[in-house]
**Student:** 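Quick one: this structure, given as structure tokens, is what I'll be asking you about.
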Amino acid sequence: MNEHTEAQTSFASFAEFYPYYLKEHCNRTCRRLHLVGSILVLCVLFTAVVTQYWTLLWSLPIIGYGFAWVGHFFFEKNKPATFKHPLYSFIGDWVMAKDLLLNRIPF
């Protein structure tokens with residue numbers, strides 16, 4: 001059995017978690033949806049700060065997680081890592097976005 005399986009429930013560090021996270025994001029469409037959600041979150045955050053229309057901030061989790069969860073439920077066909085590992089998963093979203101944009105992971 002691979003060391004990073006769904007049965008694994010704890011990780012000593014983010015460095016240990018990230019390979020598991022990437023394995024849970026094998027589907028290219030799922031990764032693309034994560035990236036779209038992350039970019040939209042940054043755009044809405046920027047807009048909220050510039051316009052001082054702070055109620056926009058309420059939409060950030062809906063946008064970010066909405067795109068990601070569509071990717072998981074309809075394309076990856078697995079449960080988002082957020083359910084069991086919320087902090088590492090949140091960090092993983094941004095690291096994966098960076099890795100996609102730097103072409104370290106196939107887009």
**Student:** Which pair of heavy atoms, one from Ser59 and one from Val44, lies closest together, and at what distance?
**Tutor:**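 Distance-wise, the nearest heavy atoms are OG-CG1, 3.6 Å.
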**Student:** Distance check, rounded to the nearest 0.5 Å: Leu35 atom CG versus Met96 atom CE?
**Tutor:**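 Here the interatomic distance stands at 8.0 Å.
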**Student:** Quick one: sort the Tyr20 and Phe11 rings into parallel, tilted or perpendicular, breaks at 30° and 60°.
**Tutor:**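 It falls in the tilted class, 30° to 60°.
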**Student:** With clusters defined by side-chain heavy atoms of hydrophobic residues (ILVMFWY) lying less than 4.5 Å apart, directly or transitively, does Phe74 cluster with Val36?
**Tutor:**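 Shared cluster, yes.
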**Student:** With sequence neighbours excluded, what pairs up with Phe90 under the side chain to side chain contact (heavy atoms under 4.5 Å, CB included) test?
**Tutor:**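 Applying side chain to side chain contact (heavy atoms under 4.5 Å, CB included) to Phe90 gives Tyr65, Trp94.
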**Student:** How many angstroms lie between CG in Leu33 and CD in Glu76, if you round to the nearest 0.5 Å?
**Tutor:**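 Here the interatomic distance stands at 10.5 Å.
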**Student:** Say you draw a straight line from SG of Cys26 to CD1 of Ile105; how long is it, rounded to the nearest 0.5 Å?
**Tutor:**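 Separation between the atoms: 10.5 Å.
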**Student:** Under 4.5 Å between any side-chain heavy atoms of Phe73 and Pro80, yes or no?
**Tutor:**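 Yes, at least one pair of side-chain atoms sits under 4.5 Å.
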**Student:** On a heavy-atom basis, which atom in Leu57 and which in Ala48 lie closest, and how many Å separate them?
**Tutor:**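 Residues Leu57 and Ala48, closest heavy atoms: CD2-CB, 3.8 Å.
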**Student:** Between the main-chain N or O of Ala81 and the side-chain N or O of Glu24, is there a donor-acceptor pair closer than 3.5 Å?
**Tutor:**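 Answer holds: no.
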**Student:** Among the clusters formed by ILVMFWY side chains lying less than 4.5 Å apart, do Phe67 and Leu100 turn up in the same one?
**Tutor:**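 Different clusters: Phe67 never reaches Leu100 through Ile, Leu, Val, Met, Phe, Trp or Tyr contacts under 4.5 Å.
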**Student:** Rounded to the nearest 0.5 Å, how far does CG of Leu22 lie from CG of Asp99?
**Tutor:**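 If we round to the nearest 0.5 Å, Asp99:CG and Leu22:CG are 7.0 Å apart.
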**Student:** With no hydrogens and no angle check, is any side-chain donor or acceptor of Arg32 less than 3.5 Å from a backbone partner on Phe107?
**Tutor:**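 Answer holds: yes.
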**Student:** Could you see if Tyr18 belongs to whatever hydrophobic cluster contains Leu87? Use Ile, Leu, Val, Met, Phe, Trp, Tyr and a side-chain cutoff under 4.5 Å.
**Tutor:**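 Tyr18 clusters together with Leu87.
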**Student:** Determine yes or no for a side-chain-to-main-chain donor-acceptor pair under 3.5 angstrom, with Tyr88 supplying the side chain and Tyr21 the backbone.
**Tutor:**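 No; judged by distance alone, with no hydrogens or angles, the pair does not exist.
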**Student:** Flag yes if Trp69 and Ile39 sit in one hydrophobic cluster, no otherwise; membership is Ile, Leu, Val, Met, Phe, Trp, Tyr, and two members link when side-chain heavy atoms are under 4.5 Å apart.
**Tutor:**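 No: no chain of side-chain contacts under 4.5 Å links Trp69 to Ile39.
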**Student:** Once ring pair (Phe, Tyr, Trp, His ring centres under 6.0 Å) is applied, what residue pairs with a partner in residues 27-57 remain, sequence neighbours excluded?
**Tutor:**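 Qualifying pairs: His25-His34, His34-His72.
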**Student:** Name all residues meeting the side chain to side chain contact (heavy atoms under 4.5 Å, CB included) criterion together with Ile62; count only those two or more places apart in sequence or in a different chain, and write none if there are none.
**Tutor:**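 Side chain to side chain contact (heavy atoms under 4.5 Å, CB included) check on Ile62 returns nothing, list empty.
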**Student:** Test of understanding: clusters of I, L, V, M, F, W, Y form through side-chain heavy atoms closer than 4.5 Å, transitively. Do Val70 and Phe83 belong to the same one?
**Tutor:**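 In one cluster: yes.
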**Student:** Shortest non-hydrogen contact from Pro106 to Arg31?
**Tutor:**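 In terms of heavy atoms, the two residues are closest at O-NH2, 3.0 Å.
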